[in-house]
Amino acid sequence: MARATASPKDSSWKITEEYHIDEDVGFALPNPQEELPAEYNAWMAIAENLPALIETGQLRAEVEKLPLLSIDDLQGHKLQRLARLVLGYITMAYVWNQRDGDVSKILPRNIAIPYCKLSEKLGLPPILLYADCVLANWKKKDPNGPMTYENMDILFSFPGGDCGKGFFLVSLLVEIAAASAIKVIPIIFSAVQHQDQDTLQQALLDVAASLKKALEVFHQIHEHVDPELFFNVLRIYLSGWKGNPQLSEGLLYEGVWDSPRKFAGGSAAQSSIFQCFDVLLGIQQSTGGESAAEFLQEMRTYMPPAHRDFLRSVESGPSVREFVLGKGDADLQEAYDACVKALVSLRNYHLQIVTKYIVIPAHRKAEENNKSEEPSGLENKGTGGTDLMNFLKTVRNTTEKSLLKEG
Ligand code: HEM
């Protein structure tokens, strides 16, 4: 695999293969593998039938019957990502089962051992992540057809009908729409180094256009994801065991660690795309308060190591913001602000989505349960376990404050 050229401070810096970023799909895994070798058929048989096994109450018994398989025959990145996806789905299904509060605090050794070994190999925590269920969980129906919702599908499902497909695919399509902006980053750094204002201005406008496209794609969520199913079904399977009162001690990975471990659940907060442009534009989320910054930093540990490295690399690049400020050129500042505005719009839209898909269903559920108090605990938390609205507003406000010109 190619080595990275030293740093984005060198004008020859490129996005090399080692960052695992694809020309077309960005941080998503290009054309994920769909089949495991035959010796892993027992895993596949469960993962492919999760909804039925869960609803008929057979899931846990089937998982407990699994043989303990070695991961030695899982060679190559794509195969390993597929196996992680399969084991991640099985793990979430085993823990949350029928979503009725009968939670398993122990993951049996026959699944925990290979899952943790594979996770260690890939440098990821042993829980279903955005990198699994969104970035590596897709295929095209017609391989020669376009990357559109209609021509795509997910590889594995949880109960909740097409809700998972809607959530995972729309997230993926947002990610892919923004991918064309990643390609522009080396052009931006090089333009700053060469003090090439015109190129920089055009490149920033290109980034803004890609981010606007991502927002358009985001609108599809309403068409494909039902709020009640999202809140009451899918969200449960994505929940983690960190800051979660139902698994306050964490999960015991039998045969791996002697005590339970805590990991946050799958969330698009684990996507690298927003953080990537925050970093590029010098939007300092750390100024929004310790907890928001800490959470976003923590989410990096739930991203593939290659993407973490990429964020660090972009962080070490020349400051685009300082350069634009220093030039004092109105058109250049406008192009920079177009990028920040596009990020603000995405985050504003995201806030509306979270209101529709989490806050309102949480209130409805509390009313149904005849509770007069505000929803609390898991109900009012994101799958990653955050006090979500405060956190999301803080991140949005910090983005907005980075505009060079108000309004
Ligand atoms: C039904 C749709 C969605 C819901 C209900 C939702 C919910 C949430 C929640 C609750 C958080 C807070 C962190 C946590 O606790 O996990 C969050 C954060 C975040 N989400 Fe979403 N999300 C949705 C779709 C998306 C999509 C499609 C994207 C983009 C690919 C996205 C990107 C982010 C990002 C980047 C954060 C971190 C905060 C930030 O940087 O602004 N979300 N989301």
Side-chain angles (χ1 to χ4, degrees), residues 25-28 127-131 133-135 149 160 163-179 211 213-236 238-240 242-244 263-279 281 283 285 288 291-300 302-303 307 311 343-362 378-400:
V25 298
F27 294 110
I127 186 166
L128 190 77
L129 305 174
Y130 183 84
C133 60
V134 173
L135 301 182
Y149 192 90
C163 174
K165 175 177 168 183
F167 179 59
F168 298 146
L169 279 189
V170 173
S171 301
L172 178 74
L173 288 168
V174 169
E175 193 81 33
I176 292 175
L211 295 178
K213 181 88 200 311
L215 176 57
E216 276 168 35
V217 172
F218 212 156
H219 286 66
Q220 295 182 43
I221 200 116
H222 299 288
E223 219 178 300
H224 302 297
V225 185
D226 174 81
E228 295 300 322
L229 282 178
F230 176 83
F231 184 79
N232 292 309
V233 183
L234 186 65
R235 189 184 57 99
I236 311 300
L238 299 181
S239 301
K242 184 170 183 194
N244 185 343
F263 295 109
S267 154
Q270 296 161 354
S271 160
S272 306
I273 204 91
F274 287 37
Q275 292 216 29
C276 172
F277 292 103
D278 280 348
V279 170
L281 298 167
I283 299 169
Q285 295 297 350
S291 59
E294 255 175 38
F295 180 77
L296 290 174
Q297 276 302 324
E298 187 192 346
M299 285 301 110
R300 289 200 191 181
Y302 290 77
M303 296 173 188
H307 297 165
L311 293 182
L343 272 178
V344 172
S345 303
L346 268 166
R347 287 191 159 120
N348 271 331
Y349 194 76
H350 181 259
L351 272 161
Q352 290 175 32
I353 298 286
V354 175
T355 305
K356 174 173 170 178
Y357 286 94
I358 298 187
V359 178
I360 295 174
L378 197 60
E379 254 72 89
N380 209 20
K381 293 203 180 221
T383 46
T386 56
D387 280 326
L388 58 102
M389 289 310 264
N390 282 340
F391 160 69
L392 293 171
K393 282 181 188 158
T394 302
V395 177
R396 187 270 319 269
N397 292 346
T398 307
T399 313
E400 201 160 28

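Please read all numbers here as calculations on a predicted model, not as lab measurements. Order of listing sets the numbers, starting from 1, for every ligand and every atom in it. What you see below is based on every heavy atom in this structure, not just the backbone, and it leaves out hydrogens, waters and symmetry mates.
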Short list, please: which atoms of ligand 1 are under 4.0 Å from a heavy atom of V395? 39 (C), 40 (O), 41 (O)
Regarding atom 35 (C) of ligand 1: of the candidates F230, F274, F167, Y349, which has the closest heavy atom? F274
Per-atom contacts of ligand 1 with Y357, taking only distances under 4.0 Å to non-hydrogen atoms: 1 (C), 5 (C)
To the nearest 0.5 Å, what is the distance between CD1 (I176) and CZ (F27)? 13.0 Å
Between Q297 and A292 (side chain of the first, backbone of the second, donor and acceptor by atom type, cut-off under 3.5 Å), is there such a pair? no
For ligand 1, the portion of I358 having any non-hydrogen atom under 4.0 Å away: side chain
Just which atoms of ligand 1 are under 4.0 Å from any heavy atom in F218? 24 (C), 25 (C), 26 (C), 27 (C)
Under a 4.0 Å heavy-atom limit, does I221 contact ligand 1 with its side chain, its backbone, both, or neither? side chain
Under a 4.0 Å heavy-atom limit, does D278 contact ligand 1 with its side chain, its backbone, both, or neither? neither
V170 heavy atom under 4.0 Å from ligand 1: no
Just jot down the ligand 1 atoms closer than 4.0 angstrom to any heavy atom of V354, in number order. 6 (C), 7 (C), 8 (C)
Answer with side chain, backbone, both or neither: which part of H350 has a heavy atom less than 4.0 angstrom from an atom of ligand 1? side chain
Compute the shortest N/O to N/O distance between Y130 and ligand 1 and return yes if it is under 3.5 Å, no if not. no
Is there a donor-acceptor contact under 3.5 Å from the side chain of Y149 to the main chain of H224? no
Could you tell me whether E298 and K242 have a side-chain N and a carboxylate O separated by less than 4.0 Å? yes
Are there over 12 heavy-atom neighbours, none belonging to K356, within less than 6.0 Å of that residue's NZ? yes
Between S171 and ligand 1, is there a nitrogen or oxygen pair with a distance under 3.5 Å? no
Below 4.0 angstrom from a heavy atom of I353, which ligand 1 atoms are there? Numbered from 1 as shown, please. 1 (C), 2 (C), 3 (C)
Donor-acceptor under 3.5 Å (Q285 side chain, T398 main chain): no
Nearest 0.5 angstrom please: L173 CG to E216 CD, how far? 13.0 Å
Find out whether T355 and M389 are in side-chain contact, i.e. whether some heavy atom of one side chain is under 4.5 Å from a heavy atom of the other. yes
Donor-acceptor contact present, side-chain Y357 to main-chain F231, <3.5 Å: no
Measure A269 to ligand 1 on non-hydrogen atoms and call it side chain, backbone, both or neither using the 4.0 Å cut-off. both
Verify side-chain hydrogen bond (donor to acceptor under 3.5 Å, both in side chains) between E175 and Y130, making sure each step is shown before the conclusion. CA-CA 11 Å; E175 193 81 33; Y130 183 84; 2.5 Å; yes
Within 4.0 Å of some non-hydrogen atom of F295, the atoms of ligand 1 are 13 (C), 14 (C)
Please determine if E175 has a nitrogen or oxygen closer than 3.5 Å to a nitrogen or oxygen of ligand 1. no
